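Down below is the structure, laid out as structure tokens.
Chain A is the first sequence line, chain B the second, and so forth, proteins listed ahead of strands; every chain is numbered from 1. Values in this document were obtained by computation on a predicted structure and should not be read as measured data.
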2 protein chains.
Amino acid sequence: MEDDRREAGTRRRVAPTKGDLRERAILDAAEQQLDSEGADGMTVATIAQAAGITRGALYFYFGSKNEVLAALVARTVATLRAEMDAADADGASAPGDALRQGVEQTARMWREHGTVMRTAVELSPTVPAIDQAWRSAVVALADTTRGIAERAGLPAGPGPHDAAAVAAALVWMTERALYQATVSGGSLDEAAATLLHVWLAALGIPAGAELGGAEG
Amino acid sequence: MEDDRREAGTRRRVAPTKGDLRERAILDAAEQQLDSEGADGMTVATIAQAAGITRGALYFYFGSKNEVLAALVARTVATLRAEMDAADADGASAPGDALRQGVEQTARMWREHGTVMRTAVELSPTVPAIDQAWRSAVVALADTTRGIAERAGLPAGPGPHDAAAVAAALVWMTERALYQATVSGGSLDEAAATLLHVWLAALGIPAGAELGGAEG
DNA sequence: GAGAAAAATCTGCACAGTGTCAAAAATACT
DNA sequence: AGTATTTTTGACACTGTGCAGATTTTTCTC
């Protein structure tokens, strides 16, 4: 029963190995090509080549092309999660500042890794692995947000207006809005400003100095 | 320049031809296999075979497998649209009845052509042709709904609470809810009941006799 | 530390599916 | 019949994926 040590879909062990370098190289190559060629132009052969291995070898590290994408999404999303937690735990304990930082960081993530984020949203419905990675990230962000919301005074108990429900709705709204901005070539900054506005309103925080571009 | 008479992605003329029979046969075969085999198991070869032609010939009628799906979505959605318009123009001029019929008919469509509808939702983000067909249907339904909403007394003028905005939101909500019910194996009837409730509330129509299963 | 055993990594090829195309066959038109 | 148009075919190129081993790296033993 050595199958216990195997990862689903691959023949590789889960144990720590140096081949993790290759894994990272594969993900790097994938992200780069996702940017330049798009999700379709990016082929297993070109990824493998850029990572210095053959097509077949890539399937040693990942069970499929989609699993590569899923891992890429997971990696990108882990960064965002870490930044959010750090910002939340950091000096910025005032709910308003935490929210501003959260929205800003999310927007920055979309700016720097827009293609990955966009791919995650688009492939979620059809690729279970991606859906899982993405959904777990959203849930984690929603949870962090819930903490802020409670500190801002939202009720904790179960109910349609409790901190958890509002936080979830806000996070999904943000996903949707930034995705739309990315796809339609709209301004991420404007979207972020709008989002922050709604966030503050939803949590009942008086809008102090929001993002730039105040108007009307 | 005879290309003007050509359809994008195919070599076939747009002009009326008898080969439309084959086209329908292809779509029928596709829908059947979509039900039995799923979107992945369904291959161009099997569709062509079921339609009595070879793989290559299929590409004479449709530019790609996705175009077949897109045409299937368009056909299915055209049916729903026609039914909605008929029901709206019909005897049921009372907004409440029109809404009930609309929701019921949409739910029935999901019951009878669930696989096609589901495929439309899932492939919309990645297949432009499908996205276009689906989106246009949603817009059309939203417009019909807007008419009902205005008759129900919602303001027509532009604004975040006007009939058009509310109608669009309701239609998208319905899409989402019925999709979720289909995917998660939930009850379409229950979903429809909930939806009708929200619809009536949103349009300010007193809930007379809603669908079965009243509670609380 | 040499050498064997085991594990990790990689290669090369096979196979099925999609999409393209030039040329053949069927059909319609005059 | 003769010609133009529609429809079909068959072969080809490319992609994703599976797999049987070959090769390299690590681990263990003496």
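- Taking atom CZ on B/Arg22 and atom P on C/dA26, their separation rounds to 13 Å, with Å as the unit.
- Side-chain contact check for A/Tyr61 versus A/Glu67: every heavy-atom pair is 4.5 Å or farther apart.
- Residues passing the side-chain contact (heavy atoms from CB on, under 4.5 Å) test with A/Arg146, sequence neighbours excluded: A/Asp143, A/Glu150, A/Ala163, A/Ala164, A/Ala167.
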Listing, residues 68-78 of chain B side-chain donor-acceptor contacts under 3.5 Å, not counting sequence neighbours, or none:
residue: B/Arg75; atom: NH1; partner: B/Asp28; partner atom: OD1; Å: 3.1
residue: B/Arg75; atom: NH2; partner: B/Asp28; partner atom: OD1; Å: 2.9
residue: B/Arg75; atom: NH2; partner: B/Glu31; partner atom: OE1; Å: 3.4
residue: B/Thr76; atom: OG1; partner: B/Leu72; partner atom: O; Å: 2.9

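- Toward the 5' end of DNA chain D, the nearer of the two residues A/Asn66 and B/Gly52, judged by each one's closest nucleotide, is B/Gly52.
- When rounded to the nearest whole Å, the span between CZ of B/Phe62 and C1' of C/dT20 equals 18 Å.
- Between the CD atom of A/Glu23 and the P atom of C/dC10 there is a distance of 11 Å, given to the nearest Å.
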Could you pull out the protein-nucleic contacts involving nucleotides 14-18 of chain C (nitrogen or oxygen on both sides, under 3.5 Å)?
residue: C/dT18; atom: OP1; partner: B/Val44; partner atom: N; Å: 3.4
residue: C/dT18; atom: OP1; partner: B/Lys65; partner atom: NZ; Å: 3.2
residue: C/dT18; atom: OP2; partner: B/Thr43; partner atom: OG1; Å: 3.4
residue: C/dT18; atom: OP2; partner: B/Val44; partner atom: N; Å: 3.1

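- Across the protein-nucleic acid pair, A/Ile26 atom CD1 and D/dG16 atom P stand 14 Å apart, rounded to whole Å.
- Checking C/dT9, C/dT11, D/dT8 against every side-chain atom of B/Ile53, the shortest atom distance belongs to D/dT8.
- Distance CG (A/Leu69) to C1' (D/dG16): 13 Å, rounded to an integer number of Å.
- Listed by first and then second residue, the side-chain hydrogen bond (donor to acceptor under 3.5 Å, both in side chains) pairs that reach into residues 38-52 of chain B are B/Gln33-B/Thr46, sequence neighbours excluded.
- Shown here are the salt bridge (Lys or Arg N to Asp or Glu O under 4.0 Å) partners of A/Asp35, two or more places apart in sequence or in another chain: there are none.
- To the nearest angstrom, P of D/dT8 lies 7 Å from CZ of B/Phe60.
- Rounded to an integer number of Å, the gap from CG of A/Leu58 to P of D/dG16 is 10 Å.
- Close to C/dT11, at under 4.0 Å from its OP1 or OP2, lies a side-chain N or O of A/Thr54.
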All N/O donor-acceptor pairs, side-chain side in residues 174-182 of chain B, below 3.5 Å, sequence neighbours left out:
residue: B/Thr174; atom: OG1; partner: B/Leu170; partner atom: O; Å: 2.9
residue: B/Thr174; atom: OG1; partner: B/Trp199; partner atom: NE1; Å: 3.0
residue: B/Tyr179; atom: OH; partner: B/Glu122; partner atom: OE2; Å: 2.8
residue: B/Thr182; atom: OG1; partner: B/Leu178; partner atom: O; Å: 2.8

